[in-house]
Amino acid sequence: MTLEPVQDEEFDYAEAAPLVVEWRQARVAFLRKSASRVERARGAVRMCELEIILIGDHELTLPPSTNRWDETRRHDELLRERVSPIGALWELAQTLSWRWGRRVLALGLWRR
C-alpha cells in the first residue's frame, strides 16, 4: 500500500481500494495540524480500525514497508494494530471529556 495514490491502484487493491482511500483520508485528518484535538483523535481511531481490516482481511502491507510481509510479520503487525485502537479510543474519550468540561466551565453548556 502507498501513502499517495498511484496509477491503476484500483486494479492492485481490488475490493480494498475504497478502504485504502478512506485510510488515506483518516491519516490526513490525524496528521492535520490545524484540526482540533477531537478531529485528530477520531482520525486516529478510524485509521486503526481500517488498518486492522487492511492487514487482516486484505493482507496488505502498510507504509513505510515496501516489501510484502511474511505470515509471521503480518501476524505480529496485526496483533500490534489490535492493541493500538485502545490508545486511540482513550485519547478520543479524554479529548471529548476535556471539551465537555471546558463548555461547562465557560457556561456554554447551560446557555441553551
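Heavy-atom basis, side chains included; hydrogens, waters and symmetry copies ignored.
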Rounded distance [0.5 Å steps], CD in E39 versus OG in S34: 8.0 Å
Just verifying a value: how many Å separate F30 CZ and M47 CE, rounded to the nearest 0.5 Å? 5.0 Å
Check I52 against P85 and note the closest heavy-atom contact, atom names and distance.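 Nearest pair, atom of I52 first, then P85: CD1-CG, 3.9 Å.
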State plainly whether one hydrophobic cluster holds both L50 and L3, where clusters connect Ile, Leu, Val, Met, Phe, Trp and Tyr through side-chain heavy atoms under 4.5 angstrom apart. yes
Shared hydrophobic cluster, L62 / L78 (ILVMFWY, side-chain heavy atoms < 4.5 Å): yes
Contacts of [X] that satisfy side chain to side chain donor-acceptor pair (under 3.5 Å) - sequence neighbours left out:
X: E59; answer: none
X: R46; answer: E22, E49
X: S65; answer: W69

Results of side chain to side chain contact (heavy atoms under 4.5 Å, CB included) for [X] - residues two or more places apart only:
X: A93; value: none
X: P18; value: none
X: A88; value: A44, V45, C48
X: R42; value: V38, L92, L96

Output every pair passing salt bridge (charged side-chain N to carboxylate O under 4.0 Å, His left out) with a member in residues 2-11, not counting sequence neighbours, ordered by first then second residue. E9-R24
Which pairs pass salt bridge (charged side-chain N to carboxylate O under 4.0 Å, His left out) with one or both residues in residues 72-87, sequence neighbours excluded? R73-E77, E77-R80
Should we count OH of Y13 as having more than 12 external heavy atoms under 6.0 Å? yes
R32 side chain to R40 main-chain N or O, any donor-acceptor pair under 3.5 Å?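 Flag not set: sc R32 to bb R40 has no pair under 3.5 Å.
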Hey, which of L54, I55, L19 is the one that makes side-chain contact (heavy atoms from CB on, under 4.5 Å) with L60? L54
Strictly by side chain to side chain donor-acceptor pair (under 3.5 Å), give each pair with a member in residues 85-95 just once, sequence neighbours left out.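 Output for this query lists R37-E91.
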Linking Ile, Leu, Val, Met, Phe, Trp and Tyr by side-chain heavy atoms under 4.5 Å, what else ends up with I86?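 None, because no other hydrophobic side chain comes under 4.5 Å of this residue.
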